[in-house]
Amino acid sequence: MTNSGNVFAILLFVGILANGQAAVRWSCEANATGQAIDVEQLSGSWYEVARLPHSDIPACVEVIAPTSIEKDMYTLKLDYINNVNKGWKRVQENIEFPWDANTQKGKLNLTYTGDDTNVTVNFVYMGTLNNLTLVCGYAGLAPSVSLLRVLSRNRTVESSMQRELETLMADFGVDAAEITWVEQGSKCNSGPSVSSSIFVVLLTAVMVSMEKVLNIDH
């Protein structure tokens, strides 16, 4: 999917790159296998409860999956906080994926196209187990960086869920110490909405930050 106004995928990676975090040993591109998307099973709200590598951007992520395919598109509704530069602004947007063979097999791509810029983030739906859904991602601009996001039907993370997730991550070769637990507290209900004009400024700042980090690495 190509969308010049979408910032979600870029926000995911700028949080990692701007913090200068080292890539985890586990590789989404090399090790993750896409699982078939069951539209009925995945429909409804999912809340991000854990991520790796460590990053704070974006915050309070809620993903609402559709109950059906409309106009041959799989549309996810996103509600999250844009907290770049210690800001706190609510963003609500839709991201669409063509209901083609790749999407049906759990491979979803987001592309940002701007002035002299083209960034694609590849997401892999790794499956759902006991109300936990795993999604990983990687990008051509930073192939050595793999991100992992864990979504839950519940906002709060009980200790039993943490132990279950740590066991699951161990099966993928991920150390529990690398997992960052994400707060989905009352603060997530606050924050003014971002207007479309701010998106342009935000995207520009994100891309500049990303380019600087990549240049330093090389």
Side-chain angles (χ1 to χ4, degrees), residues 6-32 34-35 42 45-65 76 78-88 90-91 93 95 106 108 110 119 121-139 141-159 161-185 187-188 206 209-210 213:
N6 183 275
V7 298
F8 183 72
I10 311 301
L11 280 174
L12 290 176
F13 272 90
V14 75
I16 298 171
L17 296 174
N19 289 334
Q21 297 293 326
V24 296
R25 293 186 300 274
W26 178 82
S27 169
C28 178
E29 181 178 18
N31 303 128
Q35 302 297 315
L42 289 177
S45 292
W46 294 88
Y47 304 95
E48 184 190 19
V49 294
R51 61 175 64 168
L52 68 97
H54 174 73
S55 66
D56 298 320
I57 301 170
C60 304
V61 178
E62 177 185 0
V63 180
I64 303 174
L76 299 176
L78 303 181
D79 189 320
Y80 59 93
I81 298 295
N82 168 14
N83 55 339
V84 173
N85 295 328
K86 299 183 179 180
W88 195 265
R90 178 172 300 280
V91 179
E93 62 174 307
I95 54 175
L108 306 90
L110 284 178
V119 179
V121 181
N122 307 284
F123 290 100
V124 179
Y125 165 63
M126 299 170 60
T128 298
L129 177 66
N130 296 339
N131 289 325
L132 292 175
T133 287
L134 278 68
V135 179
C136 70
Y138 58 94
L141 275 180
S144 64
V145 178
S146 292
L147 63 81
L148 181 66
R149 294 295 186 264
V150 181
L151 305 169
S152 170
R153 289 294 192 185
N154 303 312
R155 287 181 179 272
T156 57
V157 181
E158 304 293 339
S159 58
M161 181 187 293
Q162 289 191 20
R163 291 192 296 271
E164 180 180 343
L165 178 59
E166 290 170 354
T167 299
L168 184 61
M169 290 296 93
D171 292 338
F172 290 109
V174 176
D175 190 334
E178 297 173 334
I179 301 173
T180 297
W181 297 100
V182 180
E183 181 181 359
Q184 286 276 358
K187 188 178 180 181
C188 291
V206 165
S209 297
M210 182 179 291
V213 173

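For clarity, every value in this text was computed on a predicted model and none was experimentally measured.
Once rounded to the nearest 0.5 Å, the distance linking CG of Asn131 with CG of Leu151 reads 12.0 Å. Atom OG1 of Thr167 sits about 11.5 Å away from atom CD of Gln162, to the nearest 0.5 Å. We find the CD1-CG distance between Ile95 and Leu76 to be 5.0 Å, quoted to the nearest 0.5 Å. Glu158 contributes atom CD, which lies 10.0 Å from atom CZ of Arg163 (distance to the nearest 0.5 angstrom). Here Leu148 contributes atom CG and Ile179 contributes atom CD1; the two are 8.0 Å apart, rounded to the nearest 0.5 Å.
In terms of modelled atom types and a separation under 3.5 Å, the side chain of Glu29 and the main chain of Asn122 share no donor-acceptor contact.
Put simply, the side chain of Cys136 does not reach to within 4.5 Å of the side chain of Arg149, judged on heavy atoms. Side-chain contact between Leu132 and Ser152 is present, with heavy atoms from C-beta onward closer than 4.5 Å. No side-chain heavy atom of Val182 sits less than 4.5 Å from a side-chain heavy atom of Val49.
Residues meeting the side-chain hydrogen bond (donor to acceptor under 3.5 Å, both in side chains) test with Thr128, sequence neighbours left out: Tyr125, Thr133. For Ser45, the side-chain hydrogen bond (donor to acceptor under 3.5 Å, both in side chains) criterion is met by Glu62, not counting sequence neighbours.
Listed here is the closest heavy atom pair of Arg51 and Pro58: NH2-O, 2.6 Å. Shortest non-hydrogen contact noted between Phe123 and Val135 is CD2-CG1, 4.0 Å. When all heavy atoms of Leu42 and Ala65 are compared, the pair lying nearest together is O-CB, 3.1 Å. The heavy-atom pair separating Cys28 from Tyr138 by the smallest distance is SG-CD2, 3.7 Å. Among all heavy-atom pairs drawn from Ile81 and Arg90, the shortest one is CD1-CA, 3.8 Å.
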Residue pair Leu78, Val91: steps toward the side chain to side chain contact (heavy atoms under 4.5 Å, CB included) verdict: CA-CA 8 Å; Leu78 303 181; Val91 179; over 6 Å; no
task = Assess whether side chain to side chain contact (heavy atoms under 4.5 Å, CB included) is satisfied between Trp181 and Val150, documenting all intermediate values.
result = CA-CA 9 Å; Trp181 297 100; Val150 181; over 6 Å; no
Do Arg153 and Tyr47 pass the side chain to side chain contact (heavy atoms under 4.5 Å, CB included) test, and can you show the C-alpha distance, the side-chain angles, and the key distance before you say yes or no? CA-CA 6 Å; Arg153 289 294 192 185; Tyr47 304 95; over 6 Å; no
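Counted by atom type alone, Glu48 and Tyr80 present zero donor-acceptor pairs between their side chains at under 3.5 Å.
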